[in-house]
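Notes to accompany the following structure.
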Amino acid sequence: MGHRVLVVDDDPTVSDVVRRYLEQDGCEVRLAADGAAGLAAIAAHRPDLVVLDLMMPGINGLDVCRRIRRQLPDLPVIMLTALGEEADRVLGLEVGADDYMTKPFSPRELVLRIRSVLRRTAGPATGPAGLARLVDAELAVDVARRVAELDGVPLSLTVREFDLLVFLMRHPGRAWSRGDLLDKVWGWQFGDQSTVTVHVRRLREKIEKEPAEPRRICTVWGVGYRYDPLDEGGRR
């Protein structure tokens with residue numbers, strides 16, 4: 001049986017098209033026509049991924065995503081939005097969406113995005129780039145189990161936040177542009193680089209003692225970001 005995907009969208013045409021493409025790709029698909037039905041389906045069936053429309057009557061997509069993140073922080077969410085403004089796209093990422101697509105969109109591209117997210121949650125991401133366990137002072141990451149802890153307390157990271165943290169920790173001291181990170185972490189050759197900016201900001205809020213003055217994930221002006229490890233005493 002393939003991955004279980006829940007599509008939450010009040011437009012039956014969009015839902016049906018997405019369902020058909022995902023089923024052709026081997027996924028088991030459930031549909032929900034509004035936010036309340038989507039939350040009920042998540043609780044009852046625990047999908048592997050949720051495709052979530054932003055604009056819906058009743059409980060909108062942003063509120064659904066917020067509730068998912070409170071209860072199931074590691075459940076991947078791809079947001080669909082008909083709004084073209086960057087602020088609206090960023091807002092979806094701010095509340096915890098792992099990815100987004102703007103309507104109208106290519107169903108084939110959506111399937112590829114879903115594959116990309118699910119591939120990262122399917123198994124250990126040890127690979128040739130480093131070890132399965134990464135430690136930086138009080139920050140510890142078990143890559144194989146996809147668990148990150150700060151001072152022994154588990155961190156609630158989304159799929160993309162976890163992948164971004166692992167990638168940066170495996171390449172300390174090197175500056176990466178936002179385009180580089182989109183390619184290496186998201187697997188996008190092209191895309192909205194504000195996606196990286198938002199995820200870096202969210203990640204800093206979870207691993208930095210002073211997110212406004214980050215010591216691990218540093219901004220390299222005119223380039224992008226660099227990970228600077230701390231020593232045992234919490235100093236560089």
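We number each residue from 1, following the sequence as shown. Because only heavy atoms are used, hydrogens play no part in the values below, and waters and symmetry mates are left out as well, while side chains stay in. Just so you know, these numbers come straight off a predicted model, no measurement behind them.
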- Where W186 and L181 come nearest, the two heavy atoms and their spacing: CE3-O, 3.4 Å
- Task: To the nearest 0.5 Å, tell me how far C27 SG sits from D48 CG.
- Result: 8.5 Å
- Item | Test applied, salt bridge (charged side-chain N to carboxylate O under 4.0 Å, His left out); reference residue, R202; option that passes from E94, E208, E161 | E161
- Message: What I'd like to find out is whether the side chain of L6 reaches to under 4.5 Å of the side chain of V51, using heavy atoms alone.
- Response: no
- Message: Main chain of L62, side chain of N60: is a donor-acceptor contact present, judged purely on distance under 3.5 Å?
- Response: yes
- Message: With salt bridge (charged side-chain N to carboxylate O under 4.0 Å, His left out) as the test, pick out the partner of D163 among R146, R170, K184.
- Response: R146
- Query: Given D10 and M55, is the side-chain contact (heavy atoms from CB on, under 4.5 Å) satisfied, shown in steps?
  - Reply: CA-CA 8 Å; D10 63 329; M55 300 298 292; over 6 Å; no
Side-chain donor-acceptor contacts of residues 29-38 below 3.5 Å, not counting sequence neighbours, with atom names and distances?
unit_1	atom_1	unit_2	atom_2	d
R30	NH1	H45	NE2	3.4
R30	NH2	H45	ND1	3.4
D34	OD1	A36	N	3.2
D34	OD1	A37	N	2.7

- Task: Quick one: do Y100 and I78 satisfy side-chain contact (heavy atoms from CB on, under 4.5 Å)? Show the steps, please.
- Result: CA-CA 5 Å; Y100 74 88; I78 295 182; 5.8 Å; no
- Sub-4.5 Å side-chain heavy-atom contact between L49 and I114: yes
- Message: Hydrophobic clustering (ILVMFWY, side-chain heavy atoms < 4.5 Å, transitive) - are V147 and L150 grouped together?
- Response: no
- Check: R201 side chain, R204 main-chain N or O, donor-acceptor pair, under 3.5 Å: no
- Query: Between R4 (side chain) and R46 (backbone), is there a donor-acceptor pair under 3.5 Å?
  - Reply: yes
- Message: Between D180 and S177 (side chain of the first, backbone of the second, donor and acceptor by atom type, cut-off under 3.5 Å), is there such a pair?
- Response: yes
- Minimal non-hydrogen separation, D142 against F162, with atom names: O-CZ, 3.8 Å
- Query: Given side chains that start at C-beta, do those of T197 and Q193 come closer than 4.5 Å, heavy atoms only?
  - Reply: no
- Task: Could you check if a side-chain atom of C65 sits within less than 4.5 angstrom of a side-chain atom of L52, using non-hydrogen atoms only?
- Result: yes
- Would you mind reporting whether T158 and D74 have side-chain heavy atoms less than 4.5 Å apart? no
- Task: Indicate yes or no for a side-chain donor-acceptor contact from R226 to the backbone of L168 under 3.5 Å, with no hydrogens or angles considered.
- Result: no
- Message: Centre-to-centre under 6.0 Å for Y227 and W176, is that the case here?
- Response: no
- Any chance you could lay out the salt bridge (charged side-chain N to carboxylate O under 4.0 Å, His left out) test for R215 and D228, step after step, and finish with the verdict? CA-CA 7 Å; R215 303 183 65 197; D228 288 343; over 6 Å; no
- Item | Non-hydrogen atoms of A137 and R216 that approach each other most closely | CB-NH2, 3.8 Å
- Salt bridge D63-R67, side-chain N to carboxylate O under 4.0 Å: no
- Task: Please say whether more than 12 non-hydrogen atoms of neighbouring residues, nucleotides or ligands are located less than 6.0 Å from NZ in K206.
- Result: yes
- Item | Main-chain N/O of V159 paired to D98 side chain as donor or acceptor, under 3.5 Å | yes
- Chi angles and distances behind the side-chain contact (heavy atoms from CB on, under 4.5 Å) call for V111, Q24: CA-CA 10 Å; V111 170; Q24 290 172 7; over 6 Å; no
- dist L139:CG -> L134:CG (nearest 0.5 Å) comes out at 8.5 Å
- Query: Listed by chain and number, what are the ring pair (Phe, Tyr, Trp, His ring centres under 6.0 Å) partners of Y21, not counting sequence neighbours?
  - Reply: none
- Item | Separation of E23 CD from E28 CD (nearest 0.5 Å) | 9.0 Å
- Note on the structure: For R160 and S116, the nearest pair of non-hydrogen atoms, with its separation, is NH2-OG, 3.6 Å
- Query: For the atom pair CG (D136) and CG (L230), what is the distance rounded to the nearest 0.5 Å?
  - Reply: 5.0 Å
- Message: Looking at every heavy atom in both V17 and P107, which two are closest together, and how far apart are they?
- Response: CG1-CG, 3.6 Å
- Any idea which heavy atoms bring A97 and M79 closest together, and the distance? CB-CB, 4.1 Å
- Yes or no on side-chain contact (heavy atoms from CB on, under 4.5 Å) for T195 and R178, after CA distance, side-chain angles and deciding distance? CA-CA 9 Å; T195 299; R178 292 171 179 83; over 6 Å; no
- Message: Less than 4.5 Å apart, side chain to side chain, heavy atoms only: is that true for L75 and V50?
- Response: yes
- Report yes if the side chains of V5 and R19 come closer than 4.5 Å at any heavy-atom pair, otherwise no. no
- Residue pair K103 / L80, side-chain heavy-atom distance below 4.5 Å: yes
- Spatial distance of atom CE (M56) from atom CG (D11) [nearest 0.5 Å]: 12.0 Å
